Trainee: 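Have a look at this one.
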Amino acid sequence: MATTTIQVPRETRDHLAELARERGMSLGQLVEALAVEQPTAAQRAERLAADRETVRQMLGVDLSDEEFDRAPDVLGNIYKIAAEKARTTRDTAA
């Protein structure tokens with residue numbers, strides 16, 4: 001595999017090197033792992049299209065992208081409910 005050099009400020013390099021050491025990997029491996037964790041706009045769009053197609057197949061309903069865009073944020077609402085329950089549980093336990 002071909003490699004390249006990335007120029008960053010010394011402080012950034014030192015910070016990344018410390019993170020890599022803590023994770024037991026090389027600096028190059030850390031940068032690669034960080035890059036994989038951050039998809040590009042095109043990759044996010046691809047994933048969204050695939051996810052929507054999966055939902056269409058599972059539900060057996062042909063929803064348009066516009067209908068998906070108008071739909072409520074179900075997952076976001078679940079996260080909000082879970083966070084509220086966690087706060088309530090924590091406050092009750094205290």
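In this chain, numbering begins with 1 at the start of the sequence shown. A quick note: this is a predicted structure, and the numbers were derived from the prediction, not measured.
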Trainee: Does any N or O in the side chain of Arg44 come within less than 3.5 Å of the main-chain N or O of Pro39, such that one atom is a donor and the other an acceptor?
Mentor: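 Yes, the answer is positive, given that a donor and an acceptor are paired below the 3.5 Å cut-off.
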Trainee: Could you check whether any side-chain heavy atom of Val55 comes within less than 4.5 Å of a side-chain heavy atom of Met58, counting everything from C-beta outward?
Mentor: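 When only atoms from C-beta onward are counted, Met58 and Val55 do not touch, as no gap falls below 4.5 Å.
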Trainee: Could you check whether atom CD of Glu67 has more than 12 heavy atoms from other residues, nucleotides or ligands sitting under 6.0 Å from it?
Mentor: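 Yes, enclosed.
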Trainee: Can you tell me how far the CG atom of Leu27 sits from the CD atom of Glu18, to the nearest 0.5 Å?
Mentor: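 Here the rounded value is 12.0 Å.
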Trainee: How close do Arg56 and Asp62 get, heavy atom to heavy atom, and via which atoms?
Mentor: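 Closest approach of Arg56 to Asp62, heavy atoms only: CD-OD1, 3.9 Å.
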Trainee: Compare every heavy atom of Gln43 with every heavy atom of Gln38, then report the nearest pair and how far apart it is.
Mentor: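 Residues Gln38 and Gln43, closest heavy atoms: O-OE1, 4.5 Å.
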Trainee: Mind checking the CG-CZ spacing from Leu16 to Arg21? Nearest 0.5 Å is all I need.
Mentor: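 That separation rounds to 11.0 Å.
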Trainee: Rounded to the nearest 0.5 Å, what's the gap from CG on Leu19 to CG on Asp14? Could you check?
Mentor: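 Separation between the atoms: 11.0 Å.
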Trainee: So for atom CZ, which belongs to Arg47, do other residues, nucleotides or ligands contribute more than 12 heavy atoms lying within a distance under 6.0 Å?
Mentor: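 No, the 6.0 Å shell around CZ holds no more than 12 heavy atoms from other groups.
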Trainee: List in chain and number order the residues that pass salt bridge (Lys or Arg N to Asp or Glu O under 4.0 Å) with Arg52, two or more places apart in sequence or in another chain; answer none if no residue qualifies.
Mentor: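 Asp65, Asp69.
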Trainee: Quick check for you: to the nearest 0.5 Å, what is the distance between Lys80 atom NZ and Asp73 atom CG?
Mentor: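 Answer for the NZ-CG pair, Lys80 versus Asp73, is 7.0 Å.
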Trainee: Evaluate Leu48 against Phe68 for side chain to side chain contact (heavy atoms under 4.5 Å, CB included), listing each step before the verdict.
Mentor: CA-CA 11 Å; Leu48 177 62; Phe68 270 108; over 6 Å; no
Trainee: Enter the distance from Glu46:CD to Asp51:CG here, rounded to the nearest 0.5 Å.
Mentor: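 Atom-to-atom, Glu46:CD and Asp51:CG are 11.0 Å apart.
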